[in-house]
Q: 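Attaching a single structure in structure tokens format; questions to follow.
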Number of protein chains: 2
Amino acid sequence: MTEQTNVTAARLWIVLAKAYGSMAGWVEESIAAEGLGLSDFMVMEALLHKGPLTMTEISRKLLLANASMTSAIDRLERKTLAARTFDGEDRRIRRVALTARGRKLIEAIYKRHEQGLNDLMKDLSETERKAVYRGLKKIGFAAKAATGGKEKQ
Amino acid sequence: MTEQTNVTAARLWIVLAKAYGSMAGWVEESIAAEGLGLSDFMVMEALLHKGPLTMTEISRKLLLANASMTSAIDRLERKTLAARTFDGEDRRIRRVALTARGRKLIEAIYKRHEQGLNDLMKDLSETERKAVYRGLKKIGFAAKAATGGKEKQ
DNA sequence: ATCAGATGTTTCGATATCGAAATAAGATTC
DNA sequence: GAATCTTATTTCGATATCGAAACATCTGAT
């Protein structure tokens with residue numbers, strides 16, 4: 001498409017889906033050697049940056065169904081990379097934290113991941129990054145708001 | 001984050017993943033009543049806009065494994081929404097086309113989909129859309145190139 | 001104090017996805 | 001013409017996901 005052609009909303013959605021698919025494929029390939037899938041990796045990444053979180057907090061953050069989160073934490077526990085703990089006050093709650101082993105692994109992986117991302121996006125100026133960031137934020141908020149208040153269980 | 005803070009590559013990836021997840025959730029919800037999943041919908045959308053395509057062309061376009069494409073076309077054939085045909089020259093090739101019934105359905109769905117997308121993105125100016133479009137194109141190309149030439153089978 | 005509604009997580013069964021291998025067919029090299 | 005390599009699609013078995021329901025627990029109203 002040319003400089004003069006308008007970018008339709010439909011076209012933007014297609015390009016968003018394609019960019020995400022390509023990025024997800026790249027991330028998956030780069031962590032495959034560690035035996036982690038994309039979801040497991042993103043769980044560990046969230047725990048690395050935000051500290052221990054409840055199952056529901058992680059689900060919401062990653063837009064996964066609660067049943068999927070149960071499975072993902074099962075996998076991470078089985079690999080002794082994360083562990084569930086009880087909440088001091090609310091007995092329904094399970095809080096998830098990285099183990100020492102998990103922290104060590106995700107720190108190493110994340111370092112390479114971050115470097116790879118920097119490399120991937122070196123062609124975008126700071127102005128371009130900000131524009132994409134803001135636009136995606138708007139799109140994400142709008143989509144979330146338009147999706148019938150009912151998130152995945 | 002503030003106006004002054006830089007947008008890191010890592011941050012941009014997270015926001016991209018989140019925006020995609022929200023958009024995908026919205027699309028899935030809006031087509032659920034028609035008994036279609038996201039992949040099936042996107043296959044039909046591709047066939048609507050590009051005419052009959054080979055299994056491999058659709059797979060590459062939607063970034064799905066060829067086995068997934070086999071299943072998706074099986075589902076669409078079972079619902080008599082699409083059909084495989086043989087290629088005149090290359091007997092390995094199966095070309096997929098919408099049926100009359102499928103075309104009628106996807107035209108109706110797509111009309112609503114397009115209107116919904118316009119609504120979702122009405123807060124983005126044309127300049128903003130172009131910036132997001134260009135940025136996502138760059139990111140998608142870079143990720144594709146960086147993923148070891150080996151696409152999903 | 002009791003009850004109804006909401007919340008958090010797990011379980012269950014179903015579905016969509018994938019990698020690898022198998023099969024058929026086309027292209028290229030010798 | 002034969003052999004080898006590549007391509008297109010399907011099959012197989014495994015995995016990750018999901019919606020709905022079940023269960024336990026908490027909150028708020030009465």
Side-chain angles (χ1 to χ4, degrees), chain A residues 17 20-21 24-25 27-29 31-33 35-43 52-79 82-96 147-153, chain B residues 17 20-21 24-25 27-29 31-33 35-43 52-79 82-96 147-153:
Chain A
Y20 172 78
V27 176
E28 276 170 337
E29 187 187 74
I31 61 178
L36 288 176
L38 184 60
S39 292
D40 297 6
F41 169 68
M42 294 183 94
V43 170
L53 298 168
T54 70
M55 306 285 291
T56 299
E57 284 171 336
I58 311 175
S59 293
R60 284 187 173 132
K61 205 173 275 298
L62 303 189
L63 301 182
L64 280 173
N66 38 22
S68 308
M69 191 50 49
T70 295
S71 296
I73 306 303
D74 283 348
R75 290 193 296 271
L76 292 175
E77 277 203 316
R78 193 160 50 240
K79 294 168 184 165
R84 289 170 169 93
T85 58
F86 288 92
D87 186 72
E89 300 187 1
D90 194 323
R91 285 158 58 189
R92 295 171 296 178
I93 281 175
R94 295 291 175 277
R95 208 165 293 276
V96 185
T147 306
K150 175 192 169 209
E151 71 199 6
K152 288 173 180 172
Q153 272 175 276
Chain B
Y20 172 77
V27 176
E28 276 170 339
E29 185 186 75
I31 61 179
L36 286 176
L38 184 60
S39 292
D40 295 7
F41 168 70
M42 294 183 94
V43 168
L53 297 167
T54 71
M55 306 285 290
T56 299
E57 284 170 335
I58 311 175
S59 292
R60 284 186 173 136
K61 206 173 274 300
L62 303 190
L63 302 179
L64 279 173
N66 39 19
S68 310
M69 191 49 51
T70 295
S71 297
I73 306 305
D74 281 349
R75 290 193 296 270
L76 292 174
E77 277 203 319
R78 194 159 49 239
K79 293 168 182 166
R84 288 170 168 93
T85 58
F86 288 92
D87 185 71
E89 298 186 3
D90 195 323
R91 286 156 61 188
R92 294 172 297 179
I93 282 175
R94 294 291 175 277
R95 208 166 293 276
V96 185
T147 306
K150 175 193 167 207
E151 69 200 5
K152 288 172 179 175
Q153 273 175 274

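Values below: all heavy atoms of this structure, side chains included; hydrogens, waters and symmetry mates excluded.
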Q: Could you tell me which residues satisfy side-chain contact (heavy atoms from CB on, under 4.5 Å) with Thr54(B), sequence neighbours excluded, listed by chain and number?
A: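 Thr54(B) satisfies side-chain contact (heavy atoms from CB on, under 4.5 Å) with Thr56(B), Glu57(B), Ile93(B), Arg95(B) only.
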Q: If each of Leu63(A) and Ile93(B) is mapped to the nucleotide of DNA chain D with the nearest heavy atom, which maps nearer the 5' terminus, i.e. the 5' end?
A: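 Looking at the nearest nucleotide for each, Ile93(B) comes out on the 5' side.
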Q: Please report the interatomic distance CD1(Ile73(A)) to OG(Ser68(A)), rounded to the nearest 0.5 Å.
A: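 Answer for the CD1-OG pair, Ile73(A) versus Ser68(A), is 11.0 Å.
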Q: Using whole Å, what does the distance between atom C1' of nucleotide dA16(D) and atom CG of Leu38(B) come to?
A: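 Those two atoms, CG and C1', are 16 Å apart.
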Q: Round to the nearest Å and state the distance from Glu28(A) atom CD to dT17(D) atom C1'.
A: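 Between C1' of dT17(D) and CD of Glu28(A): 13 Å.
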Q: Grab the NZ-P distance between Lys79(B) and dT15(C) for me, whole Å please.
A: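 Rounded to the whole Å, the gap is 11 Å.
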Q: Check the distance between dG19(C)'s C1' and Leu64(B)'s CG and give it to me in whole angstrom.
A: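 Interatomic distance, CG of Leu64(B) to C1' of dG19(C): 14 Å.
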Q: Side-chain N or O of Thr56(B) less than 4.0 angstrom from OP1 or OP2 on dT7(D)?
A: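 No, because none of the side-chain N or O atoms of Thr56(B) sits under 4.0 Å from OP1 or OP2 of dT7(D).
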Q: Could you measure the distance from the CE atom of Met55(A) to the CD1 atom of Ile58(A)? Nearest 0.5 Å is fine.
A: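 The CE atom of Met55(A) sits 6.5 Å away from the CD1 atom of Ile58(A).
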Q: Among the candidates dC18(C), dA25(C), dC26(D), find the nucleotide nearest to the side-chain atoms of Arg91(A).
A: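 Ranking dC18(C), dA25(C), dC26(D) by closest atom to the Arg91(A) side chain puts dC26(D) first.
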Q: Check every atom of dG8(C), dT9(D), dA25(C) against the side chain of Arg60(A) and return the nucleotide holding the closest atom.
A: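 It is dG8(C).
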Q: Between Leu38(B) and Ala24(B), what is the shortest heavy-atom contact and its length?
A: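 Distance-wise, the nearest heavy atoms are CD2-CB, 3.9 Å.
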Q: Is it true that a side-chain atom of Lys61(A) and a backbone atom of Val43(A) form a donor plus acceptor pair closer than 3.5 Å?
A: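 It does not hold such a pair.
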Q: Which residues satisfy the salt bridge (charged side-chain N to carboxylate O under 4.0 Å, His left out) test with Arg92(B), sequence neighbours excluded?
A: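 Arg92(B): salt bridge (charged side-chain N to carboxylate O under 4.0 Å, His left out) contacts with Asp90(B).
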Q: How many whole angstroms separate atom CZ of Arg94(A) from atom C1' of dC23(D)?
A: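 So the two atoms are 12 Å apart, to the nearest Å.
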Q: Assess whether one donor atom and one acceptor atom, taken from the side chain of Arg92(A) and the base of dT7(C), lie less than 3.5 Å apart.
A: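 Per atom types, the contact qualifies.
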Q: So which pairs with a foot in residues 67-78 of chain A pass salt bridge (charged side-chain N to carboxylate O under 4.0 Å, His left out), sequence neighbours left out?
A: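 For residues 67-78 of chain A, and leaving out neighbouring residues, the salt bridge (charged side-chain N to carboxylate O under 4.0 Å, His left out) pairs sorted by first residue read Asp40(A)-Arg75(A), Asp74(A)-Arg84(A), Glu77(A)-Arg84(A).
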Q: Below 3.5 Å between N/O atoms, which protein atoms pair up with nucleotides 1-5 of chain D? Just atom names and distances, please.
A:
none

Q: Give, ordered by number, those residues of residues 82-89 of chain B having at least one heavy-atom distance below 4.0 Å to an atom of DNA chain C; if nothing qualifies, reply none.
A: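 Those residues whose heavy atoms fall under 4.0 Å from DNA chain C, taken from residues 82-89 of chain B in numerical order, are Glu89(B).
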Q: For the side chain of Ser39(A), starting at C-beta, report the closest nucleotide among dC18(C), dG26(C), dA16(D).
A: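 Selected nucleotide (nearest to the side chain): dA16(D).
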Q: Between atom CD in Glu57(B) and atom P in dT7(D), what is the gap in whole Å?
A: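 Whole-Å distance recorded here is 15 Å.
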Q: Grab the CZ-P distance between Arg78(B) and dT15(C) for me, whole Å please.
A: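 Nearest whole value for this atom pair: 9 Å.
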Q: On a heavy-atom basis, which atom in Ala82(A) and which in Val96(A) lie closest, and how many Å separate them?
A: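 Minimum heavy-atom contact is CB-CG1, 4.1 Å.
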Q: Using a 4.0 Å cut-off on heavy atoms, which residues in residues 67-75 of chain B reach DNA chain D? List them by number, or say none.
A: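 Result for residues 67-75 of chain B: Ala67(B), Thr70(B), sorted by number.
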